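Below: the structure, in structure tokens.
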Amino acid sequence: RIAASSTREPESEGTETVVAGANFLGMSLREAVVTAQRNDWQITTRGSGYVVKQAVAQQAGKPVHHLTLAPTYEVHP
């Protein structure tokens with residue numbers, strides 16, 4: 001369920017950007033956490049339900065995926 005995203009190089013340390021790699025969109029919180037653990041990716045989450053938005057920031061030279069989740073009724077009206 002992981003798909004490549006479009007690639008854009010980070011402009012500066014801590015700047016959020018989209019990079020090639022994980023696509024967590026549509027995953028449940030549990031599925032996103034398991035996927036991140038299996039691939040040794042760092043994530044932060046906000047909300048509950050399913051991933052509706054994601055961004056990547058470089059922190060200490062490593063990507064950190066910031067995931068925003070929403071309940072299912074917001075994802076599938």
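Residue numbers start at 1 and run along the sequence shown. From a predicted model like this one, the values you see are computed outputs, not experimental measurements.
Under the 4.5 Å side-chain heavy-atom criterion for grouping Ile, Leu, Val, Met, Phe, Trp and Tyr, Leu25 is connected to Met27 within one hydrophobic cluster.
Evaluation of the side chain to side chain contact (heavy atoms under 4.5 Å, CB included) rule for Leu29 yields Val33, Thr45, Leu69 as partners, not counting sequence neighbours. Every residue was checked against the side-chain hydrogen bond (donor to acceptor under 3.5 Å, both in side chains) condition with Thr68, not counting sequence neighbours, and none meets it.
Here the side chain of Gln42 pairs no donor or acceptor atom with the backbone of Gln59 at under 3.5 angstrom.
Between Gln58 and Pro63, the shortest heavy-atom distance links the atoms OE1-N, 3.7 Å. Taking every heavy atom of both residues into account, Ala36 and Ile43 meet most closely at CB-CG2, 3.7 Å. Between Ala22 and Gln54, the shortest heavy-atom distance links the atoms O-NE2, 3.0 Å.
Between Phe24 and Trp41, the two ring planes are perpendicular [angle over 60°; tilted spans 30° to 60°].
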